[in-house]
Every structure is written in structure tokens, then in C-alpha cells.
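Here is the structure we will look at.
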Amino acid sequence: MKLLFISSRYSGGIGGHATMLASQLQKSKIRVDFVNSPKIPIKNLKNPSFVITSSLSSFFKGSYDIAHAFNVPSAFAMKAARAKKKVLSIHGVFSDQVNVLHSRALGDVAKTAEQNALRWADKLTTDSKITQKDYKEKLGVDFEYLPSPIDTEKLDRIPNIEKKDNQVAYVGRDSYEKGIDILRTIESQIKGNVVYCTNLPWEKAMSTLKSSTVLVVPSRMESLPTVVKEAFYLKVPVIATNVGGIPELVTDKTGILVTPEDPRSLLSQINSLLEDKEKTKKLTEKAFDFVNKNMTWQFWLPKYIEFYKKLVQ
């Protein structure tokens, strides 16, 4: 089986998922090639330029069994690809994200692109049940649920580091939808030291996370954040907002949920957990068991391979 992966980037979020999935498939002797296309490094021109360059690159790549695009901007290259079957993965409702991050005008353009992209794919996949539900209710389309697992072998190679007392970690992009500004507004009142891992290599970010007392995810929008799963595996307790697919991971047994855009509640929960070692131990034990049983490649890789094989039969 020969696959072509298409993404505007191959790190973080859905791009990071594409990279991890490709690595796992390649270990199983499945060939995966990548479209790596240049784009204009200006905010509102990145995606339009990528659409053009990736579509050309995809067409001239050759023939494939499956072209798998990650997010709507990659769907144009998926359409142009010479492949027997085409798959589009979207993490979170794309047009809603554009509305929040850019403008309503761009959101309208994104919605048109999104509706076209959904028709071009033979199969649609998403990583969270809430995104699956939202697309069904809003646009009447069916998505297959295939979450992004964690690579436990790589996480096991993160060195053991002495825990730093009351270290509060933020791991993610420095962007509006991630709610980093909310954490910054309460930072001076937190009874600990906040460290921001916004632009670090993955290994360094995981080392910092592993040495922390708690991970805070103050997002306004999310699908199914990988860093929550990573924190679970590294036995770092998680305080996160009740948005997107986060409640599919964080429950009252595995972590703490707070209302989005409620800095007072977030502050209270952070300071409370920093002082409650017994609760931390209970949460991390349950969270580790959950992620180890449900969100690893050992569990999900066979399902991905079966998905691809059925598609080309």
C-alpha cells in the first residue's frame, strides 16, 4: 500500500498527528510519502499560497493508493492527487475556527472551501467525538472517529527529572484559541512558578512537562489535545477548560475541568491542586490507566491499517 500525506505543516496539532501516524505506518512496512510545499509567510496568505503549491506538487508526485489530507487547506492538493481513494482528516470544525481566529468574512470563505472539501473525500475522519457530532448536526456529513494516540516509546525515553515544587506548565501555541492570555492574567496570583512551552522542541517541552506539578490547558477551542494525553502518561495532573473534546479525556476521575474564560475559577483550581498532594496522586493514577489503555498506538494502529485496507479493497 502506497500513501501520500498532505499537510501545511508536520508539527503540532493535526500536522503532528500526520507525522506520528506516518512513522507508525512506516514501521509496519507501509510506504508513506509527504507533500512538503512552500508558502508565503504572511498570516492571511499562508493557506492560499499553500493551496496552489501543494496542489501542483501533489499532482506531479505520481500515483498512490490513498491521498490523505490533514485539514481543509490540504484538501485541494488531495483533490489534485492521482490516487485511487482520498481521505480528509479535520480536528475541530474548520470554519468555526477561522471565524474565531480571523474574521467572519474569512469564515464565510472557509465555510465554502470546507463544504467543497468534504465532498472531494471518499472518507472523512476526526480525532474527537464532539467534532464528529458537530459535523453531523451542522452539515449532515459522517466522520469516522480515529483519534491521535501518543507514542509511549518516545515518552518513555524522556529522562527522569526531579519534580520542581509548584511548577505550573503551559504547553501549546501562543495564540488566542489556546487561552494563553487568560493564564497570563492570573500568573501573579498563582502560588507557584508558571513556565510557558510555546516554541520548544518536543523533547524539551516534554522534559519541562514531566518536571512540573500541574499542566494547565486554558483553551477557548480544542479538539482532542495531544498534550493532555502526554501529561496523563507522564503522570502530571491536568486542569483544563470544558471545551471541544477535552471532556472526552478529562473527567472528575482523571483531571479537573473549569469553565472557559473564567480566570477566577482557573486560579482557584490551580492553587487548590498545588496544595493537595493526595488528590494529585489519585488523578494521575486514574489518568495514566485511562491513556495507557485507550490512547496508545498499540491500540489504535491496527484500526488505522484496517481503515486504509478496507478503503482500497
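Counted within 6.0 Å of NZ on Lys277, heavy atoms from surrounding residues, nucleotides or ligands total more than 12; the atom is thus considered enclosed. The environment of NZ in Lys154 is crowded: more than 12 heavy-atom neighbours from other residues, nucleotides or ligands sit within 6.0 Å. Counting non-hydrogen atoms of neighbouring residues, nucleotides and ligands closer than 6.0 angstrom, the NZ atom of Lys27 exceeds 12 such neighbours. For Lys61, the NZ atom sits in a packed shell: over 12 heavy atoms of surrounding residues, nucleotides or ligands are nearer than 6.0 Å. Other residues, nucleotides and ligands contribute over 12 non-hydrogen atoms within 6.0 Å of the NZ atom of Lys39. Surrounding CG of Asp156 are more than 12 heavy atoms belonging to other residues, nucleotides or ligands, all under 6.0 Å away. For Lys286, the NZ atom is loosely surrounded, since the number of other residues' heavy atoms within 6.0 Å does not exceed 12.
In this structure, CG on Asp252 lies 9.0 Å from CG on Leu283, to the nearest 0.5 angstrom. The distance from atom OG1 of Thr241 to atom NZ of Lys178, rounded to the nearest 0.5 Å, is 9.5 Å. Note that the CG atom of Leu124 and the OG1 atom of Thr131 stand 12.5 Å from one another [nearest 0.5 Å]. In this structure, the separation between CG on Leu21 and OH on Tyr304 is 5.5 Å, given to the nearest 0.5 Å. Note that CG of Leu257 is 10.5 Å distant from CD1 of Ile239, once rounded to the nearest 0.5 Å. Atom CE of Met295 and atom OG of Ser148 lie 9.0 Å apart (nearest 0.5 Å).
For the side-chain contact (heavy atoms from CB on, under 4.5 Å) criterion with Ile6, the lone passing option out of Asp33, Leu88, Val35 is Val35. The side chain to side chain donor-acceptor pair (under 3.5 Å) with Asp65 is formed by just one residue from the set Lys84, Lys309, Lys2; it is Lys84. Checked options Val171, Ile180, Leu183; the residue passing with Val216 is Leu183 (criterion: side-chain contact (heavy atoms from CB on, under 4.5 Å)).
Here the two rings, on Tyr145 and Trp300, have centers that are under 6.0 Å apart.
Using a 4.5 Å cut-off on side-chain heavy atoms (C-beta onward), Tyr308 and His68 make contact. Residues Pro237 and Leu215 form no side-chain contact, since every pair of their non-hydrogen atoms from C-beta on lies 4.5 Å or further apart.
Ion pairing between Lys136 and Asp142 holds under the 4.0 Å rule for side-chain N and carboxylate O. Ion pairing of Asp174 with Arg184 is present here, as a side-chain N (NZ or NE/NH1/NH2) and a carboxylate O approach within less than 4.0 Å. Taking the charged nitrogens against the carboxylate oxygens, Lys191 and Glu275 do have a contact shorter than 4.0 Å, which makes a salt bridge.
At distances below 3.5 Å, at least one donor-acceptor pair connects side-chain atoms of Asn271 with backbone N or O atoms of Gln189. Checked by atom type and distance alone, the side chain of Ser268 never pairs as donor or acceptor with a backbone atom of Arg264 at under 3.5 Å. Ser54 contributes no side-chain N or O that, together with a main-chain N or O of Ser8, makes up a donor-acceptor pair within less than 3.5 Å. No side-chain donor-acceptor contact under 3.5 Å links Ser28 to the backbone of Ile30. Judged purely by atom type and a 3.5 angstrom limit, Thr213 uses its side chain to pair as donor or acceptor with the backbone of Asn166. A donor-acceptor pair is defined here as one N or O able to donate and one able to accept, closer than 3.5 Å; such a pair exists between the side chain of Gln132 and the backbone of Phe143. Within the 3.5 Å criterion, the main-chain N or O of Lys46 finds a donor-acceptor partner in the side chain of Ser49. For the pair Arg9 (side chain) and Gly15 (backbone), a donor-acceptor distance under 3.5 Å is absent. In this structure a side-chain-to-backbone donor-acceptor pair under 3.5 Å is missing from Asp276 to Ser272. At distances below 3.5 Å, at least one donor-acceptor pair connects side-chain atoms of Gln26 with backbone N or O atoms of Val32.
Counting only residues at least two apart or on different chains, the ring pair (Phe, Tyr, Trp, His ring centres under 6.0 Å) pairs with a member in residues 216-251 are Tyr233-Phe288. Legend: ring pair (Phe, Tyr, Trp, His ring centres under 6.0 Å) pairs involving residues 198-222, not counting sequence neighbours: none detected.
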Decide yes or no on side chain to side chain contact (heavy atoms under 4.5 Å, CB included) for Val195 and Tyr170, but give the supporting numbers first.
-> CA-CA 6 Å; Val195 291; Tyr170 171 92; over 6 Å; no
Could you walk me through whether Lys163 and Ser212 pass the side chain to side chain contact (heavy atoms under 4.5 Å, CB included) check?
-> CA-CA 6 Å; Lys163 287 281 187 181; Ser212 297; 5.7 Å; no
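Legend: residues meeting side-chain contact (heavy atoms from CB on, under 4.5 Å) with Asp181, ordered by chain and number and at least two apart, are Arg220.
Between the side chains of Lys210 and Asn160, at least one donor N or O sits under 3.5 Å from an acceptor N or O. Defined by atom type and a distance below 3.5 Å, a donor-acceptor pair is present between the side-chain atoms of Glu187 and Tyr196. A donor and an acceptor atom, one from each side chain of Thr125 and Ser89, are located under 3.5 Å apart. Side-chain contact check for Ser211 and Glu162: no donor-acceptor pair (N or O, by modelled atom type) lies under 3.5 Å. Using modelled atom types and a 3.5 Å distance limit, the side chains of Ser223 and Asp127 yield a donor-acceptor pair.
Geometric assessment of Lys138 against the ring of Tyr135 yields a negative cation-pi assignment under the 6.0 Å and 45° thresholds. Within the cation-pi definition used here (under 6.0 Å to the ring centroid, within 45° of the axis), Arg82 qualifies as a partner of Phe59.
Taking the six-membered ring where the residue is Trp, Trp120 and Phe76 present perpendicular rings, their angle passing 60° and hence far from 30°.
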